[in-house]
Amino acid sequence: MSILIVNNSRWLNFWLDALKESRPDLKVHVYPYDGPPEEIEFAISWNHPLGAFKQFPNLRCIASTGAGVDHILRDPELPAGVQLTRVVDEDLTNDMATFTTTLVLSHVRGLFSYKVAEATQRWEPKTYQRPKDVKVGVMGVGVLGTETGRQLKALGFNVQGWAKSTKNIESIPVFAGDAGLADFLATSNILICLLPLTKETANILNKTTLSKLPKGAYVINVARGEHLVDADLLEMIDSEHIAGASLDVFRTEPLPEEHPFWAHPKISITPHIASITNPASAVRQILANYDRLKQQKPLLNLVSLTKGY
Ligand code: NDP
């Protein structure tokens with residue numbers, strides 16, 4: 001049994017190094033692979049070319065090198081019976097929470113709009129909000145959303161969450177399912193999207209949902225570009241229902257240079273860097289799963305193929 005890395009990103013060599021340092025004896029191959037396909041039972045992957053896995057008849061596990069698995073599940077030719085795992089890692093979780101709280105604070109203290117004013121030397125102090133007067137709604141209170149909510153709470157913000165199922169998170173009220181969505185939106189001054197991308201959540205940030213937010217609400221999307229209907233956000237900002245947005249993820253990445261988001265004074269853009277897996281730390285859970293697969297033990301951080309996350 002050996003490991004195949006299918007990763008077209010700049011992180012490929014970091015993963016190779018992390019695997020080799022942790023297990024010098026392990027056989028690690030990099031896709032495209034022209035050795036015997038039946039030898040590959042375990043793959044680690046990020047944004048693989050669609051169809052890449054169908055050539056491996058004995059593939060039993062694909063480990064996503066990130067928290068999301070939408071990039072794997074969009075492949076219609078995954079081998080039958082393959083298990084999917086994802087990364088759940090303290091660094092990844094804390095990095096997401098500190099990034100989103102930074103965006104929330106920057107918006108509340110007006111830093112984004114002062115940056116725009118600075119470009120034309122405008123000295124225009126504005127009234128600001130205090131955390132206790134702001135309610136932040138976190139869409140998706142799983143691993144990342146819960147920690148984000150906890151850190152915002154510690155800064156004095158009011159925080160509420162929205163999830164698929166009902167849940168009890170200390171001092172964070174959680175609305176559940178379609179039935180809870182309208183009330184959750186109506187009371188969220190800042191909306192943070194931390195949902196996984198599934199058939200149910202694609203396009204969820206659209207004109208109908210955004211118009212349910214209070215006037216002047218701010219939108220933060222750090223989940224996936226496909227959650228947001230771009231034209232609807234622009235329309236809602238230009239009609240002044242939404243005050244602005246911070247976006248880290250986009251339908252097409254890199255964001256094409258002609259996209260209207262780039263030049264919009266009320267939209268802040270970051271290049272999908274909210275939280276990036278640290279291979280040196282996450283390699284431990286990947287290797288633990290490699291061992292578990294060999295020992296026929298249940299895998300860690302398993303993804304539900306029916307739920308899609
Ligand atoms: P989790 O699986 O731990 O949490 C997902 C949450 O979303 C759960 O609370 C779940 O509800 C909720 N949810 C799922 N579907 C629905 C639905 N249809 N309606 C309402 N709630 C729903 O995921 P993580 O917190 O680990 O990660 C979230 C996403 O963040 C990832 O999938 C990835 O796309 C993105 N991400 C972005 C990064 C970046 O750098 N921009 C970095 C890392 C991740 P329930 O609890 O009831 O199941």
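Note that ligands are numbered from 1 as they come in the structure, with each ligand's atoms numbered from 1 the same way. Please read all numbers here as calculations on a predicted model, not as lab measurements.
Between Val249 and ligand 1, not a single N/O pair is under 3.5 Å apart. In terms of polar-atom proximity, defined here as any N/O pair under 3.5 Å, Asp248 does make such a contact with ligand 1. Among the atoms of Lys167, some N or O lies under 3.5 angstrom from an N or O of ligand 1. At least one N or O atom of Gly142 sits closer than 3.5 Å to an N or O atom of ligand 1. For ligand 1, none of its N or O atoms has an N or O atom of Ile273 under 3.5 Å away. When only interatomic distances are considered, the shortest N/O to N/O separation between Ala67 and ligand 1 does not fall below 3.5 Å. For the pair Val222 and ligand 1, the shortest N or O to N or O distance falls below 3.5 Å.
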Solution key, residues 121-131 side-chain donor-acceptor pairs under 3.5 Å, sequence neighbours excluded:
unit_1 : atom_1 : unit_2 : atom_2 : d
Arg122 : NE     : Thr120 : OG1    : 3.0
Arg122 : NH1    : Glu124 : OE1    : 2.9

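Among Pro196, Gly180, Gly161, the residue whose heavy atom sits closest to atom 5 (C) of ligand 1 is Pro196. Comparing heavy-atom distances from atom 34 (O) of ligand 1 across His272, Arg224, Glu226, Glu147 singles out Arg224 as nearest.
Atom 25 (O) of ligand 1 has Leu144 N, 2.9 Å as its closest protein atom, hydrogens excluded (heavy atom only). Ranking protein heavy atoms by distance to atom 42 (C) of ligand 1, first place goes to Ser275 O, 3.3 Å. The protein heavy-atom contact nearest to atom 18 (N) of ligand 1 is Glu200 OE1, 2.9 Å.
Using a 4.5 Å cut-off on side-chain heavy atoms (C-beta onward), Glu77 and Leu50 make no contact. The side-chain heavy atoms of Leu210 and Asn206, taken from C-beta on, include no pair separated by under 4.5 Å.
Of the heavy atoms in Val88, none comes closer than 4.0 Å to ligand 1. Residue contacts with ligand 1, taken as heavy atom pairs separated by less than 4.0 Å, involve Arg86 solely via side-chain atoms from C-beta onward. Using a 4.0 Å cut-off between heavy atoms, Lys164 contacts ligand 1 through both its backbone and its side chain.
Note that CD1 of Ile242 is 12.0 Å distant from CG of Leu234, once rounded to the nearest 0.5 Å.
For His48 and Tyr31, the ring centers sit 6.0 Å or farther from each other.
A donor-acceptor pair under 3.5 Å links the side-chain atoms of Asn189 to the main chain of Lys135, judged by distance alone. Checking side-chain atoms of Asn158 against main-chain N and O of Val134 turns up a donor-acceptor pair under 3.5 Å.
Shown in contact with Ala274 at under 4.0 Å from a heavy atom are these atoms of ligand 1, numbered in order with element: 39 (C), 40 (O), 41 (N). Residue Thr201 has at least one heavy-atom neighbour below 4.0 Å for each of these atoms of ligand 1: 15 (N), 16 (C), 17 (C), 18 (N).
Both Ile172 and Phe157 belong to a single network of hydrophobic side chains, linked directly or stepwise wherever heavy atoms of I, L, V, M, F, W or Y lie under 4.5 Å apart.
Evaluation of the ring pair (Phe, Tyr, Trp, His ring centres under 6.0 Å) test over residues 85-115, restricted to residues two or more places apart or in two chains, returns His107-Tyr218.
A pairwise comparison of heavy atoms in Pro298 and Arg292 identifies O-NH1, 2.5 Å as the closest pair.
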